[in-house]
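What follows is a short report on a single structure.
Values below: all heavy atoms of this structure, side chains included; hydrogens, waters and symmetry mates excluded. Chain naming here is simple, since letters A, B, ... match the order of the sequence lines and numbering starts at 1 in each.
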Amino acid sequence: MKVRVLVRLKPGILDVQGAAVQRALGGLGFGDVRELRVGKLIEVEVDAPTAERARARVDEMCRRLLANTILEDYTIETDSAEHLAPPGAVR
Amino acid sequence: MKVRVLVRLKPGILDVQGAAVQRALGGLGFGDVRELRVGKLIEVEVDAPTAERARARVDEMCRRLLANTILEDYTIETDSAEHLAPPGAVR
Amino acid sequence: MRFGVVVFPGTWSDCDFHYVISEVVKQPVKYVWHRDRNLADLDCVVLPGGFSYGDYLRAGAVAGRSPVVEALPEFLAGGGLVLGSCNGFQILCEAGLLPGALMRNECLQYRCQSTSLLVENVDTPFTRALRPGQVLTMPISHGEGKYHAEPETLRALRQRHQVVFRYATAAGQVTRAANPNGSAENIAGIINEEGTVLGLMPHPERAAESAIGGTDGLQIFHSLLGSLVEDGTFTKR
Amino acid sequence: MTAEEYDRILQRLGREPSYTELGLFSALWSEHCAYKHSKVFLKRLPQTGPHVLQGPGENAGALDIGDGWAVVFKIESHNHPSFIEPFQGAATGVGGILRDIFTMGARPIAILDSLRFGDPNDPKTRHLIHGVVSGISWYGNCFGCPTVGGEIAFAPEYAGNPLVNVMCVGLVRADRIFRARAEGVGNPVFYVGNKTGRDGIHGATMASATFDEGAEAKRPTVQVGDPFTEKLLLEACLEAMATGAVVGIQDMGAAGLACCTSEMPARSGTGMTVELASVPQREEGMSAYELLLSESQERMLIVAERGREEELRRVFAKWELDAVQIGEVTAGPDLTVRHRGDEVARVPVDALAEAPKYEKPYAAPAWLKELRAFDPLALPAPADYDEALRALMGAPALASKEWAYRQYDQQVGVNTLVLPGSDATVLRVKGTRRAIAVSTDGNGRHVFLDPRRGAAMAVCEAARNVSCAGGRPLGVTDCLNFGSPERPEILWQLAEAVEGLAEACRALELPVVGGNVSLYNETSGLAILPTPVVGVVGLLEDASQLATQWFKAAGHRIALLGPDAVSLGGSEYLWTRHGKQGGALAPLDLELERRVQAAVRAAIGEGLVTAAHDCAEGGIAVALAEACVTGKTAIGCEAALPAGMRADLTLFGEGPSRVVVSVEGGRAREFEALMAESAIPWQWIGATGGARLRLRVGGEMVVDVSVDHLEHAWRNGFERHMA
Ligand SMILES: Nc1ncnc2c1ncn2[C@@H]1O[C@H](COP(=O)(O)OP(=O)(O)O)[C@@H](O)[C@H]1O
Ligand SMILES: [Mg+2]
């Protein structure tokens, strides 16, 4: 079962990297960027019988390790196949 | 217009981050993780009249700056509101 | 005082702490492997700098959940002291033994440089040999040292005098320019409520000999030992 | 591979090679692995000396530094990979040289990075600098070895082909040095470290080609570094070596497994058989060819003592690394490779190790004469020397490189007695009174104008830097960065430069114990400046007798040691102010160079000098200005310089064998006596103090500028480009 975790800095925490990227884009002529934030994408393949179970398991991983909840929020997505890692992705 | 970019290492490129996290999860008792890869999440708000235009614009940004196309692939998502940054996200 | 220096596979300041404790401070010291939970024969556990488990996800994240760190609460309950420097500070925050978190430096670059630290609390076992308002010189070396905490946490830290060191100018002024990494309120080091766990980003072990970065870092050991530095040697008080 | 080379293979094998065998030959016979074009020249370098424990031919060289200790050191290039992917290219360059050091059994204690780029005003170049510096920072810092020195220089010729040379120094007990040998028939061969993937296949062949429009297509071969695994590998290897179960060890660098499995037995007169299916793999379905030639990082090949396999496995298991037996040492003469039982290659190891050597024709380029005949004094002298000096201090090449090195951990190990920012870095050897001093140097512009003298000057300057820190130079490692050797004028540059290196090394009694050659550094026909980078390691028997380059206090007298002869030919001044690259270099007297360095060391050893600084790019004016502003607090000085030449030549002219020192007034007599004994030209030129730098030439005050101004220019000159 493939699950996707999106980890973002909490609202209110200055995203220095996002701001730097936005500035750099501005320099390249992309003045139309109103806001940009950088986060982490974690794609996990877990052994789980159902999407529900997989999600619960990954939620536990997030709380234990994947996100630091003082700094970060996370969302877990299992919805549709199109969001998953491209075929052939290997480590 | 909010657009989400997912940046992933190309297939075959060693994902040192993913491997380390997977190993760590194993140590914490999450032996059920079969594979884990870490990428970048970039959320951009652009001024654009249509989703099409926004996507094209962001695609250009990816090629110019956001993705390192020597090592990384990227996908752009504009589809549904639920994928976008949580309300209240500020920088 | 018996010291234990924790070794994660990616730790690199372990040897430096070991060297300073045994050769300069001349106290008994041993290495503690990261899988070890037995800290019974120690008085002070040092979590040194480095990249504990590679730290590719977040500095200290994995180490914060390691066996040796899980054994720390019991060690503390038994009267032990814990000193975390650099990666050690990051680990203590990740483990919840200190409040807040350390984020990527505001400059988005690694920084290795000398810093001046204003001493704010001398009422701790780690700083009792110091004077309030004293300024110490110690180097930093980190990419993720920007201290962050919620406003309430920062307020509480202030009220309970838990901020031990702040980045300052050589004259002791806490200014934005003196802040090397963007830390909230220039925080460089904090202590827990009980006064038994000190975390700081700077490296005291790199300021323990006059030939290498001066001797201001020794003051922390000197405080721990309740002894005085005279001519570079320790004498029991 | 050429048709003749293919014929040679046919001859050697007596049959058609298989696809996999051909792959082996083409990688191992590449320029990068085989030194086809440079071997004939390298033989000319002096390689022996009383301190040499290991000369060229192993992963790194080793020198005895006394008290039972040895230094192991080497420099390597990662130019091509860093151009394709600056961050990972530079990072894996650091990883590779670290492995070369710890395969010898040494713990790495210092990294130096010698970098060359195009104009930092160019955004593309800035991007490269950012990537390279952060890649070095990431890998070295995470691994835990301090990066304590190096250089960054700029010239348009490097825009399309930057240079990333990394030197590493390690410490080992002199009787515990390990070598890349495959001895003992029947001994097991272990693969240790990271798993093998498809990364970096063709790295060695890529490093042996020039860049052209097709460079993009080569990109998927980029390798990715994993410094944490490297740290594990370091600890595991040193621990495994301590068990006594390790017979020989080599890192899998260029041409990966193929290189190790042929070079190790070739050195020992043995053979080897390996089963590729046993190789730990990260990707599915890898072919024999891919497994042999992959350049995945953080891997080593170990030949162990038979019967002690378990000891080895236990150590690697502790560090959570793969350690898998993949074969064994045979009586030879073949390397036999099997893949799932099928024999895919069987080649005599010495056939692989003995690539053809070429002696191609070379000739001095016709344009050189005209270039050298250029007279810099035909250009107008500056109207405002204050401004000229300030501009020079702020030129990216001369300005502070703190922007880069503050991103590097410079102190881990608590050995760094002199941090980056002085002529040489000094690191103590714990448990002894000793210290080592290290420096790298190489001025491509000088070598371009006069390869022989320019290269000799690079040796002199690196050694002089070490001497200025109080260290006695003991040995050299060099990285020869040149364009395509298939062009006669490039090969001439190489031949001449090696001759210059050899002359200088002989004169200064410096053995060359290791190095690296990087050819084909050109893009679309534009070659880099010929750039031999020289790394020198020196010894201080007493670590407390070290010197730094900055003035310590007011009221010290300043002396200039060495000859007066300087030239604006190929100078930084000529380039920065006039955008010109031409003229003749100042004369070099190697015997005088040796005496000047000895005199400086003697003065430092006697505790007579409070600062010693080499006069290099920018001439004496810049040397004095640097002595004023590079310390913690700036101190001014006043000096009167010999007249007789145009002021810009006196102030900014460059020449070898010149050192500025400061001496406490009370020690002046002793200093004079020592200099008289040293039989070198020297003179008092002024004194420290005040807040201004004031320089007279022939009695006339030509520079009178506040040191704060100079310091500002110097501090920001490079950094402002990078912000
Ligand atoms: N410019 C040089 N000067 C002296 N020795 C050199 C030079 N270039 C290469 N060598 C030596 O030749 C040997 C082979 O080099 P190389 O194949 O680059 O080794 P590696 O693959 O470990 O880099 C090494 O011992 C190296 O030190
Ligand atoms: Mg090697």
Practice prompt. Check whether more than 12 heavy atoms from other residues, nucleotides or ligands sit under 6.0 Å from atom CZ of D:R433, and answer yes or no.
Written response: no
Discussion item. I'd like to know whether NE2 of D:H712 has more than 12 heavy-atom contacts from other residues, nucleotides or ligands below 6.0 angstrom.
Written reply: no
Would you check if [X] and [Y] make a side-chain contact, meaning some heavy-atom pair closer than 4.5 Å?
| X | Y | value |
| --- | --- | --- |
| D:Q411 | C:P139 | yes |
| C:W33 | D:K318 | yes |
| D:W319 | C:P9 | yes |

Does any heavy atom of chain C fall under 4.5 Å from the side chain of [X], the backbone, both, or neither of them?
| X | result |
| --- | --- |
| D:E402 | neither |
| D:L417 | both |
| D:K430 | side chain |
| D:T416 | backbone |
| D:D226 | both |

Where the side chain of [X] meets the backbone of [Y], is there a donor-acceptor pair that is under 3.5 Å apart?
| X | Y | value |
| --- | --- | --- |
| D:D409 | C:S141 | no |
| C:Y56 | D:F228 | yes |
| D:K231 | C:T11 | yes |

Practice prompt. Return the option, out of C:E209, C:Q109, C:R206, C:H142, with the maximum number of heavy-atom pairs under 4.5 Å with chain D.
Written response: C:R206
Worksheet item: Looking at C:C112, C:G10, C:A208, C:S13, which has the largest count of heavy-atom pairs under 4.5 Å with chain D?
Response: C:C112
Just how far is it from atom [atom1] of [X] to atom [atom2] of [Y], taken to the nearest 0.5 Å?
| X | Y | atom1 | atom2 | result |
| --- | --- | --- | --- | --- |
| C:D16 | D:N415 | CG | CG | 7.5 Å |
| D:L232 | C:Y53 | CG | OH | 11.0 Å |
| C:Y110 | D:S137 | OH | OG | 7.0 Å |
| C:Q113 | D:Q410 | CD | CD | 9.5 Å |

Item to complete: Output the option from D:G413, D:C145, D:A543 having the highest count of non-hydrogen pairs under 4.5 Å with chain C.
Response: D:G413
Discussion item. Testing the basics here: between D:N141 and C:F51, what is the closest heavy-atom pair and its distance to 0.1 Å?
Written reply: O-CE1, 3.4 Å
Item to complete: List the atom of D:C142, the atom of C:G54, and the distance in Å for their closest heavy-atom pair.
Response: SG-O, 4.1 Å
